[in-house]
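Quick notes on the structure that follows.
The analysis underlying the following values was restricted to heavy atoms, covering all of them including side chains, and did not include hydrogens, waters or symmetry mates. Letters A, B, ... mirror the listed sequences (proteins, then strands); counts begin at 1. Keep in mind that what you see is a predicted model, and the values were worked out from it rather than measured.
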There are 2 protein chains.
Amino acid sequence: MQGSRKTARLSEVAKLAEVSPGLVSRILNEDPTLKVRPETRARVLDAIDMLQYTPHASARALRNSQTGLLGFALHHVNDPIYAQFVETAQIAAAERKYSVVLLNAGELVGRQDAFRALVRGHRVDGLLIQSGFSTDGNGLQEVAGSVPSVVFNADQTPGLRTVRLDDTAAASVATRHLLELGHTQIAFVGAEGATSDRRVRGYLDALDEAGVAPIPAISGGWDAGAARAGIEKYFAAGGKATGLVVVTSTSALGVHAGVISAGLSIPGDVSVVSIHNAWFTEHLNPPLTVVELPLADIGRLAVDLLIDQIASPAGGATVLEEPAPRLLERGSTAAPGERSG
Amino acid sequence: MQGSRKTARLSEVAKLAEVSPGLVSRILNEDPTLKVRPETRARVLDAIDMLQYTPHASARALRNSQTGLLGFALHHVNDPIYAQFVETAQIAAAERKYSVVLLNAGELVGRQDAFRALVRGHRVDGLLIQSGFSTDGNGLQEVAGSVPSVVFNADQTPGLRTVRLDDTAAASVATRHLLELGHTQIAFVGAEGATSDRRVRGYLDALDEAGVAPIPAISGGWDAGAARAGIEKYFAAGGKATGLVVVTSTSALGVHAGVISAGLSIPGDVSVVSIHNAWFTEHLNPPLTVVELPLADIGRLAVDLLIDQIASPAGGATVLEEPAPRLLERGSTAAPGERSG
DNA sequence: CTGAAAGCGCTTACAG
DNA sequence: CTGAAAGCGCTTACAG
């Protein structure tokens with residue numbers, strides 16, 4: 001709006017301050033070996049201020065071979081659970097002076113050319129890759145191996161830097177809650193991929209510890225619609241579970257709906273507990289009992305680890321165990337004795 | 001993994017193909033004025049393939065003063081409604097060879113330095129700014145004025161390129177639905193900002209047309225918690241509405257919970273209809289009647305308009321009226337006669 | 001039909 | 001304590 005005044009270049013700052021461009025650059029970058037007369041420095045700072053000078057990002061990127069860009073490769077931008085993770089990670093990145101580029105995990109792993117343009121074209125300094133779903137596999141290894149990366153939700157893998165939540169412990173907490181209420185017919189409502197597998201393990205561990213036999217898992221999926229269909233089929237086929245541990249709260253909303261549409265009540269006939277607290281869980285009817293995991297913390301942690309990777313790449317696996325999974329007991333779980341049906 | 005082989009440069013491709021770097025560049029960029037011998041072109045293409053050459057993004061960006069980056073300034077990355085918008089917009093951008101940088105609208109409009117680094121530093125080619133909330137105002141104008149921008153959800157504003165959905169029509173459809181069911185005590189559950197204001201207008205239009213008097217609006221907010229608190233307060237104070245038009249479905253989930261916790265039933269005592277279809281609405285108990293707006297279409301449209309802005313900036317306002325708002329009638333609305341309380 | 005050269009805006013050894 | 005110069009990897013008039 002201010003006329004057609006273009007943005008200032010470094011050389012114009014130098015001219016205005018009557019110094020060389022190199023000196024301005026060194027002052028801007030706080031070169032520790034530099035000793036300037038305070039008077040000169042003040043003149044340069046004034047000139048920067050006067051011209052509203054801001055370094056040209058592409059020029060810097062070319063010169064430093066660093067873009068200041070972190071790629072986030074997600075399966076769905078709109079996953080209600082990971083939204084919290086993404087938002088925190090974005091903020092953490094901004095604090096560290098990085099910007100975040102939104103990428104499609106599917107496209108990245110599937111399409112050779114998209115991957116090439118991104119990695120070989122030096123578009124980003126590093127990649128935060130969301131894993132743990134069925135659609136992973138093949139490409140992931142290659143992508144993560146050719147640029148500094150952190151793989152979120154993957155099992156420990158040689159050569160990859162992974163980070164994840166304590167899924168096994170979370171599922172155990174959920175399962176123990178149902179056991180303590182007196183349930184003995186407890187089914188796991190699962191999905192595909194490593195993350196679900198880890199949660200199954202936690203469910204089995206807790207049952208084993210209590211000496212209660214597992215019953216066949218119900219196959220759900222990572223979204224409400226798939227989980228609902230799975231549950232409706234299960235009860236239509238005469239399923240006898242009184243307690244359900246659901247792999248994630250998005251699916252639990254579908255389970256919730258499916259139990260009700262099967263003519264059963266929550267928690268009267270069936271108790272439902274799921275993993276992850278999210279904005280909607282407390283507003284359901286009845287409100288959903290969940291096990292909360294530190295999604296915000298791990299968003300920040302993943303970004304920190306990624307920035308470390310950029311400085312010096314290394315393998316390794318981190319499991320965020322603190323704060324521990326926390327049960328938020330709400331209306332969707334109760335003793336099986338209260339069953340009204 | 002493939003040893004320490006660095007990515008190839010243009011000059012290496014040229015050397016391998018025994019031509020000049022300029023020629024390789026012209027072939028890569030499909031220079032229309034260029035006539036090469038097919039044989040030479042084939043040699044160059046082979047060399048590109050052999051070296052897996054990909055242009056260096058920063059070098060191109062510096063040379064062309066175009067980053068290929070679009071900034072998306074959102075209020076909340078995790079808004080369940082706009083997630084759909086963001087996902088489609090990201091895909092549309094990728095199809096047009098642009099990448100998307102995730103930005104915080106609050107930070108952008110609030111913090112002077114963040115804005116400067118971004119715009120004056122030539123970090124992005126253009127900005128898609130989410131507006132329509134109470135926290136807008138001041139900074140927005142300045143930001144949108146200094147870089148090619150599209151402002152989503154804003155009212156028509158001189159000098160800004162705006163795009164939005166037909167909020168007024170959507171609210172009218174929702175309100176007419178309740179009128180047709182026979183409701184006469186219909187309240188709007190609103191929030192702050194221009195988007196809510198437009199929906200209020202649609203609600204008032206529909207009532208006016210039917211000759212039904214509006215009743216005082218209920219102040220809710222853009223999230224479930226705030227809306228729930230507003231509703232609980234309303235009914236605790238003896239509110240008499242039998243029909244509620246809720247500004248957005250995220251809030252409607254809170255309204256849903258609030259009506260129930262006030263001891264009323266849906267739709268027996270109170271009918272609830274809201275704006276926007278989202279993943280969770282059909283799984284509520286009872287499922288939520290909503291008016292669907294083309295969120296995916298407008299994500300794509302906004303990106304198209306933004307890319308147009310980059311080519312040649314211009315003001316203007318676009319309202320996406322097609323496909324028209326569509327009522328999805330579900331269990332949360334019924335005739336007031338069915339009231340059981 | 002193809003090449004040589006300048007330059008996008010920075011940074012950083014190297015001089016002095 | 002400060003400056004001159006080269007170079008990051010491209011693209012594009014300008015020659016020939």
- Query: Quick one: A:Leu10 CG to D:dC8 P, roughly how many Å, whole number?
  - Reply: 19 Å
- Under 4.0 Å between a side-chain N/O of B:Thr40 and OP1 or OP2 of C:dT2, yes or no? yes
- Message: For B:Leu62 and B:Leu23, find the nucleotide of DNA chain C closest to each by heavy atoms; which residue's nucleotide sits nearer the 5' end?
- Response: B:Leu23
- How far apart are the closest heavy atoms of B:Arg123 and A:Leu69, and which atoms are they? NH1-CD1, 3.6 Å
- Item | Bracket notation of DNA chain D in which parentheses pair within the strand, [ ] cross earlier pairs, and | pairs with another strand (Watson-Crick or G-U, under 3.5 Å) | |||.||||||||.|||
- Message: Distance check needed: C:dG9 C1' versus A:Glu12 CD, whole Å only.
- Response: 11 Å
- Task: Would you tell me if any nitrogen or oxygen in the side chain of B:Asn64 comes within less than 4.0 Å of OP1 or OP2 on C:dC8?
- Result: no
- Message: Between B:Glu12 and B:Arg9, does any side-chain N to carboxylate O distance fall below 4.0 Å?
- Response: yes
- Ranking D:dT11, D:dC10, C:dT2 by distance to the side chain of B:Val36, first place goes to C:dT2
- Task: Would you please confirm or rule out a distance under 4.0 Å between OP1 or OP2 of D:dT11 and any side-chain N or O of B:Arg60?
- Result: yes
- Length of the line joining B:Ile48:CD1 and D:dC10:C1', which is rounded to integer Å: 14 Å
- Message: If I compare all heavy atoms of B:Leu103 with all of B:Gly71, which pair ends up nearest, and what's the gap?
- Response: CD1-CA, 3.8 Å
- Query: Once you round it to whole Å, what is the distance between P of D:dT2 and CZ of A:Arg41?
  - Reply: 10 Å
- Output yes when at least one side-chain N/O atom of A:Arg37 is less than 4.0 Å from OP1 or OP2 of D:dT2, else no. yes
- Between B:Arg26 (CZ) and C:dA5 (C1'), how many Å, whole number? 12 Å
- Message: For a quick test of reading the model, state the closest non-hydrogen atom pair linking A:Leu306 to A:Leu128 and the distance between them.
- Response: CD2-N, 3.9 Å
- Message: Counting the atoms with a prime plus P, OP1 and OP2 as sugar-phosphate, which does A:Asp31 contact under 4.0 Å by heavy atoms, base, sugar-phosphate, or nothing?
- Response: nothing
- Task: Grab the two heavy atoms, one from A:Leu23 and one from A:Thr40, that are nearest each other, plus how far apart they are.
- Result: CD2-CG2, 4.0 Å
- Message: Of the options D:dC1, D:dG9, D:dT2, whose atoms approach the side-chain atoms of B:Arg63 most closely?
- Response: D:dG9
- Message: What's the closest nucleotide to the side chain of B:Arg9 if the choices are D:dG9, D:dT12, D:dG3?
- Response: D:dG9
- Between CD of A:Gln66 and P of C:dT11 the distance, given in whole Å, is 12 Å
- Between B:Arg96 and B:Asp304, is the closest basic N to carboxylate O distance under 4.0 Å? yes
- Message: Given D:dC1, D:dG3, C:dC8, identify the nucleotide with an atom nearest to the side chain of A:Lys35.
- Response: D:dC1
- Of the non-hydrogen atoms in A:Glu95 and A:Arg300, which two are nearest, and what is the gap between them? OE1-NH1, 2.9 Å
- Item | Candidates C:dA4, C:dC8, C:dC10 - which lies nearest the side chain of A:Ala59 | C:dC10
- Message: Restricting to non-hydrogen atoms, name the atom on A:Arg43 and the atom on A:Glu18 that form the minimum distance, rounded to 0.1 Å.
- Response: NH2-O, 3.7 Å
- To the nearest Å, how far apart are B:Lys15 NZ and C:dT2 C1'? 18 Å
- Task: Return the value, rounded to whole Å, for the distance between atom CD of B:Glu30 and atom P of D:dT11.
- Result: 12 Å
